[in-house]
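In what follows, a structure is listed as structure tokens, so that the remarks can point back to it.
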Amino acid sequence: MTTPAQSRSPEPEEVLQTAIEYFVRDINVALPGRIDFYDAATQKATVKPLVKRLIATADGQELVETLPAIPGVPVVFERGGGYFHSFPVQPGDFCLLSFTTYPIDIYKSGNGS
């Protein structure tokens with residue numbers, strides 16, 4: 001005779017571990033992206049992240065979410081010694097989205113400190 005599968009409540013450590021894993025998945029330092037729109041005058045782009053996000057549901061399933069496009073992304077070209085590299089950016093080009101840990105607005109508007 002077979003016994004029915006037993007269900008059990010997860011241990012607190014398992015719940016905490018799962019919560020940490022989902023939290024860490026949402027911390028992004030860099031993501032691959034594709035440029036949807038580029039304004040050469042402002043050197044800003046609308047960029048579509050090329051990865052998807054996993055979301056846990058209440059019943060333990062995972063849903064896949066497509067991330068939205070990010071408008072107003074500054075396009076950065078290499079600079080140094082009074083020189084810089086630039087190249088024509090076009091919709092469809094691939095790029096790397098880089099996320100800062102802290103806001104850089106004060107740095108950009110001030111004296112750089």
Side-chain angles (χ1 to χ4, degrees):
M1 177 167 107
T2 61
T3 59
Q6 293 180 347
S7 65
R8 65 176 184 87
S9 296
E11 296 294 324
E13 295 83 12
E14 293 173 299
V15 173
L16 183 59
Q17 182 63 37
T18 300
I20 290 170
E21 287 173 9
Y22 277 96
F23 177 77
V24 169
R25 286 181 188 176
D26 283 340
I27 298 174
N28 297 304
V29 176
L31 293 173
R34 185 188 67 244
I35 295 175
D36 285 345
F37 172 79
Y38 177 67
D39 181 355
T42 62
Q43 293 187 342
K44 292 188 178 181
T46 298
V47 180
K48 176 76 174 136
L50 296 178
V51 297
K52 298 186 187 279
R53 178 178 166 201
L54 290 176
I55 300 173
T57 63
D59 62 356
Q61 300 298 312
E62 288 185 334
L63 297 176
V64 177
E65 176 186 53
T66 300
L67 297 173
I70 304 169
V73 176
V75 175
V76 179
F77 296 105
E78 294 178 3
R79 298 174 187 269
Y83 297 94
F84 70 94
H85 293 157
S86 69
F87 45 88
V89 177
Q90 299 177 9
D93 287 348
F94 293 100
C95 64
L96 181 66
L97 287 161
S98 178
F99 302 95
T100 60
T101 303
Y102 300 101
I104 61 172
D105 295 342
I106 294 172
Y107 169 80
K108 287 175 54 179
S109 66
N111 62 5
S113 62

Minimal non-hydrogen separation, Asp93 against Pro88, with atom names: OD2-O, 3.9 Å
Please answer: with hydrophobic residues joined when any side-chain heavy atoms are less than 4.5 Å apart, are Val75 and Phe99 in the same cluster? yes
In short, Val47 meets Gly33 closest at the heavy-atom pair CG1-CA, 4.0 Å
Taking all heavy atoms of Pro91 and all of Asp36, pick out the closest pair and write down the distance. CB-O, 3.5 Å
Quick one: list whatever passes salt bridge (charged side-chain N to carboxylate O under 4.0 Å, His left out) with Glu11, sequence neighbours left out. none
dist Leu67:CG -> Leu97:CG (nearest 0.5 Å) comes out at 10.0 Å
For Phe77, look at atom CZ and say whether over 12 heavy atoms of other residues, nucleotides or ligands are found less than 6.0 Å away. yes
Mind checking whether Phe87 and Ile35 sit in one hydrophobic cluster, side chains of I, L, V, M, F, W, Y counted as touching below 4.5 Å? yes
If you compare all heavy atoms of Ile70 against all heavy atoms of Pro49, which two are closest, and at what distance to 0.1 Å? CD1-CG, 4.0 Å
So Lys48 and Thr66, side-chain contact (heavy atoms from CB on, under 4.5 Å) or not? Walk me through it. CA-CA 10 Å; Lys48 176 76 174 136; Thr66 300; 3.1 Å; yes
Decide if atom CD of Glu78 counts as having more than 12 heavy atoms of other residues, nucleotides or ligands within a radius under 6.0 Å. no
Cluster overlap Val73 with Val51, hydrophobic side-chain contacts below 4.5 Å: yes
Test log, rule side-chain contact (heavy atoms from CB on, under 4.5 Å), inputs Lys44 and Tyr38: CA-CA 6 Å; Lys44 292 188 178 181; Tyr38 177 67; over 6 Å; no
Of the non-hydrogen atoms in Arg34 and Cys95, which two are nearest, and what is the gap between them? N-SG, 4.3 Å
Would Leu50 and Phe94 satisfy side-chain contact (heavy atoms from CB on, under 4.5 Å), going step by step from the backbone distance to the final call? CA-CA 9 Å; Leu50 296 178; Phe94 293 100; 3.5 Å; yes
